[in-house]
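Working notes, beginning with the structure itself.
In this text, all values refer to a predicted model and were calculated from it rather than measured experimentally. Numbers restart at 1 for each chain; the letters A, B, ... are given by sequence-line order, proteins then strands. Just so you know, these numbers use all the heavy atoms, side chains as well, and skip hydrogens, waters and symmetry mates.
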Amino acid sequence: MYSTRAVGLAPAFRQAALRPRNARNPAIRALFAKRFIQTESLPPSAEIQILNQQRLRRPSSPHFTIYQPQLTWIGSIANRITGAGLSVLLYGYALAYLVAPGTFDSTHVVEFVAGLPEAVKYAGKAILAAPFAYHSLNGLRHLGWDMGKFLTLRGAYASGYAVLAGTAISTVILLFI
Amino acid sequence: MSSTLVARAAFNRNVATALARRSLRPLALQARGAADSAYVPGGPIYRGTVNDPTPFPPPSKTHGSYHWAFERLLSAGLVPLTVAAFATSGTSYPILDGLLGVSLVMHSHIGFDSVVVDYLHPRKFPVLGPIVKWALRATTVGVLVGVYQFNTNDIGLTELIVKAWHA
């Protein structure tokens, strides 16, 4: 009886139909003792599949987005970003020269740079010098770690600040060299 | 953390007994390969029990300690190489210039390879990982050819940087 479901009387009717007095009456049982829910019959091995499907849909708690910024890991990812950025420039220029040597040869590049305004030239030099200085100095710090130095917390922080100071000084020097 | 481990161990025990009740696990499936575990956030989903060993890559010095030593020696060698190449001029010592170019490209390739291995590991990205790895290798070959062409037919990398810096 579909209408009993909508009105909310289905549980009451079902209870009444299952009472011993009515349970033997096939007409009443056929009408009210059913539920209209489809169930699947699964083998026990389907446990793993269901569990894995649930695992695929589970969210993961924030970890990378909430880690407190620290010199250690910020310095590490900065080393990677500066290295990757400079390498992208190198790769890009080498491939561009390979593809179009007429447009990207040294005379054109030097002409183009000479034609830029002074402020843009200094900004460009700073944008190139700072990552190069940071990556080089942090690379030396990394090689120190590989030799077993600066491996304490104090050592890591002291060398990290030294690298930052050295980067600032080297950028200024390279800018006016 | 331990409660999930206990739950997982109990679950796996049930699975193991259910499987054992049905049939003996074929010997061919004893060693777990790449097809036996799919990687999802939170850890791999293992097919089998917690008693099957985790697969490790085979030990190899070329991919291990020799690779590490080569990488560090190359990075350390870049320092005197750069200083020497910029102290002398590119046109008078073209071999030094070429050596710097090749070393820089190799250093960049090793760096990019670490990025690919860290963020696109084949264990988690079975299709995209190898594709990007080989694309990187092909790009590096192209860059080496480009650097050679530039150093031969043009003024060379150090000269270019010096000229552009003082342009």
Side-chain angles (χ1 to χ4, degrees), chain A residues 43-45 47-49 51-53 55-61 63 79-84 86-99 101 104-116 121 124-125 128-129 132 135-137 139-140 142-143 145-147 174-175 177, chain B residues 8 11-12 14-15 17-19 21-22 38 40-43 45-48 68-69 71-73 75-76 78-79 82 86 101 104-105 107-112 114-115 118-119 136 139-140 142-151 153-157 159-167:
Chain A
S45 54
E47 277 182 79
I48 318 165
Q49 276 178 357
L51 184 63
N52 288 344
Q53 280 168 4
R55 282 171 175 161
L56 282 169
R57 290 199 186 90
R58 266 187 220 146
S60 68
S61 356
H63 44 288
N79 192 40
R80 177 163 273 185
I81 291 177
T82 49
L86 291 167
S87 300
V88 162
L89 277 175
L90 174 68
Y91 271 42
Y93 180 71
L95 289 174
Y97 182 80
L98 194 62
V99 165
F104 288 101
D105 65 344
S106 56
T107 23
H108 283 95
V109 170
V110 173
E111 263 178 48
F112 172 74
V113 170
L116 295 168
K121 270 196 250 185
K125 283 192 210 175
L128 283 176
F132 176 74
H135 189 83
S136 308
L137 290 169
L140 291 175
H142 209 114
L143 288 171
W145 284 330
D146 291 331
M147 293 193 296
L174 283 173
L175 217 56
I177 207 165
Chain B
R8 214 187 230 182
F11 167 76
N12 277 328
N14 293 335
V15 170
T17 47
L19 285 172
R21 245 184 277 125
R22 286 152 182 266
V40 296
I45 301 173
Y46 294 114
R47 285 181 215 141
W68 186 92
E71 183 185 342
R72 308 299 141 149
L73 282 173
S75 312
L78 269 175
V79 177
T82 317
F86 279 98
L104 265 178
V105 172
H107 183 75
S108 305
H109 176 81
I110 291 177
F112 278 136
S114 322
V115 170
D118 278 350
Y119 302 136
L136 173 67
T139 315
T140 302
V143 167
L144 278 171
V145 174
V147 166
Y148 169 78
Q149 291 284 347
F150 186 76
N151 278 24
N153 302 336
D154 215 315
I155 51 177
L157 283 172
E159 271 297 313
L160 174 70
I161 294 176
V162 167
K163 279 214 167 81
W165 209 259
H166 295 132

Heavy-atom pair count under 4.5 Å with chain B, highest-scoring of [options]:
options: A:Leu116, A:Val110, A:Thr107; value: A:Val110
options: A:Leu128, A:Leu95, A:Leu140, A:Val88; value: A:Leu95
options: A:Ile177, A:Val99, A:Leu143, A:Asp146; value: A:Asp146

Which bit of A:His63 comes within less than 4.5 Å of chain B, counting heavy atoms only: side chain, backbone, both or neither? neither
Below 4.5 Å from any heavy atom of chain B, which atoms of A:Tyr97 appear? Answer side chain, backbone, both or neither. side chain
So, for [X] and [Y], which heavy atoms are closest and what is the spacing to 0.1 Å?
X: B:Ala167; Y: A:Val113; answer: CB-CG1, 3.8 Å
X: A:Ala94; Y: B:Val143; answer: CB-CG1, 3.7 Å
X: A:Tyr91; Y: B:Ser108; answer: CE1-CB, 3.7 Å

Would you confirm whether B:Lys163, through its side chain, and A:Val109, through its main-chain N or O, come within 3.5 Å as a donor-acceptor pair? no
Main chain of A:Asp105, side chain of B:Asp154: is a donor-acceptor contact present, judged purely on distance under 3.5 Å? no
Can you sort out the partners of A:Tyr93 under side-chain hydrogen bond (donor to acceptor under 3.5 Å, both in side chains), two or more places apart, ordered by chain and number? none
With A:His142 via side-chain hydrogen bond (donor to acceptor under 3.5 Å, both in side chains) - residues at least two apart: none
Is the CZ atom of A:Phe112 crowded by more than 12 outside heavy atoms at less than 6.0 Å? no
For [X], is it the side chain, the backbone, both or neither that has a heavy atom under 4.5 Å from a heavy atom of chain A?
X: B:Asp118; answer: side chain
X: B:Val105; answer: both
X: B:His109; answer: both
X: B:Phe150; answer: both
X: B:Trp165; answer: both

Against chain A, work out which of B:Val145, B:Leu157, B:Val147 has the most heavy-atom pairs shorter than 4.5 Å and name it. B:Val145
Mind checking the CD1-OG spacing from B:Ile161 to A:Ser106? Nearest 0.5 Å is all I need. 12.5 Å
What's the separation between atom NZ in A:Lys125 and atom NE2 in B:His166, rounded to the nearest 0.5 Å? 6.5 Å
